[in-house]
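Here is the structure we will look at.
Keep in mind that what you see is a predicted model, and the values were worked out from it rather than measured.
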Amino acid sequence: MAGVELGGTKAIVLRAEGNAIAEQVTIPTTSPTETLDAAANLLRRWHAQAPFDALGIASFGPLRLDHAAADFGRMLPTPKPGWSGADIFGALAGAIDCPAAIDTDVDGAALAEARWGVGADDPALADGLCYLTIGTGVGGGFLSRDRPLHGAMHPEVGHIVTRRAPGDPFPGICPFHGDCIEGLVSGPALAARFGMPGDRIAPDDPRWDHVAHDIAQLVGTILLTTSARCVLIGGGVGMGRAALLDRVRTKVVAQLAGYLPHVDEASIGRIVRAPALGERAGPLGAVALALEALDAAGPLPSA
């Protein structure tokens, strides 16, 4: 299997046997041409050495995922400079001859967690699973009956606008919406809010309370609108601070105010949690999509 996890900061190109990653290479996400060409060249070289059964592409979005659309597999308008309209699927799937699938990075991570992470540990959580990433951007992938949720496109929860924390003056940085969730709590938003990168911000800075409030607003919205059984919070911001996750849990319970009877202080640790696969959820998401492509292609012809 081959996989590409294309993120806003870096791309990971990998080959795997089952869910065991045999080799992976990290490429900086710069321009579409530079990044996708480097990934495609690596795929070609590996495929020539040992042909792949399938390729999975897990990309940041928004993406066109309607197979009938003329722009299938392309990037839709995005805050990432230069990437709007980039042909992600064509550049990568066109590099090698094998079944291929593309979906969002968060949908891929959700599939991986359902197969090998929280879903393996607690199968009841696999149906109604949300994988939320908070990093360069904010995105959410949702599984229902083991399938990612798609409609007119895929969910774009990062651009939901929620109730602001009282006294929070930060205007947000999203070029489309200002203070949507991505504009408030993504990595670049934290750097703008605090005046320094997130990994340098003191854990006792009182402004973290506003960040926790905003993330809790998003989680509560997800629980109310999708009836998710579990919300996994990954990404560099999401996994980088355990204390922040604890604050988010507390605020989710307080903000919901008892309206959802299954969400309380006793249950919130099971419902809102870190990914069981940790940082492997993203790369393994590409592997999970490769397996989906292989399943969709049907049995290999006999020799």
- Count the heavy atoms belonging to other residues, nucleotides or ligands that lie under 6.0 Å from CZ of R44, then report whether that count exceeds 12. yes

Compile the donor-acceptor pairs under 3.5 Å between side chains in residues 16-24 and protein atoms, sequence neighbours left out, one pair per line.
| residue | atom | partner | partner atom | Å |
| --- | --- | --- | --- | --- |
| E23 | OE1 | R15 | NE | 3.0 |
| E23 | OE1 | R15 | NH2 | 2.6 |

- Item | Any donor-acceptor N or O pair under 3.5 Å, side chains T30, E34 | yes

- Under 3.5 Å, side chain of T133 to main-chain N/O of V106, donor-acceptor pair present? no

- Message: Grouping I, L, V, M, F, W and Y whenever their side-chain heavy atoms are under 4.5 Å apart, do L232 and V138 come out in a common cluster?
- Response: no

- Exactly one of I12, L36, L43 clears side chain to side chain contact (heavy atoms under 4.5 Å, CB included) with V4, and that residue is L43

Can you list, pair by pair, the side-chain donor-acceptor contacts under 3.5 Å of residues 86-93, counting residues two or more places apart and other chains?
| residue | atom | partner | partner atom | Å |
| --- | --- | --- | --- | --- |
| D87 | OD1 | G90 | N | 2.9 |

- Query: Transitively linked via ILVMFWY side-chain contacts under 4.5 Å: V157 with L184?
  - Reply: yes

- Message: Pairing donors with acceptors under 3.5 angstrom, does anything connect the side chains of D103 and H150?
- Response: yes

- Item | Step-by-step salt bridge (charged side-chain N to carboxylate O under 4.0 Å, His left out) determination, D168 to R193 | CA-CA 10 Å; D168 182 5; R193 182 195 286 266; 3.0 Å; yes

- Query: Do I233 and L224 belong together in a cluster built from hydrophobic side chains that touch within less than 4.5 Å?
  - Reply: yes

- Message: Check whether S186 reaches the backbone of G183 with its side chain - one donor and one acceptor, N or O, closer than 3.5 Å.
- Response: no

- Apply side-chain hydrogen bond (donor to acceptor under 3.5 Å, both in side chains) to the pair T136 and T9, showing each step before the final yes or no. CA-CA 7 Å; T136 305; T9 302; 2.6 Å; yes

- Thinking salt bridges, do R280 and E5 make one under a 4.0 Å N-O criterion? no

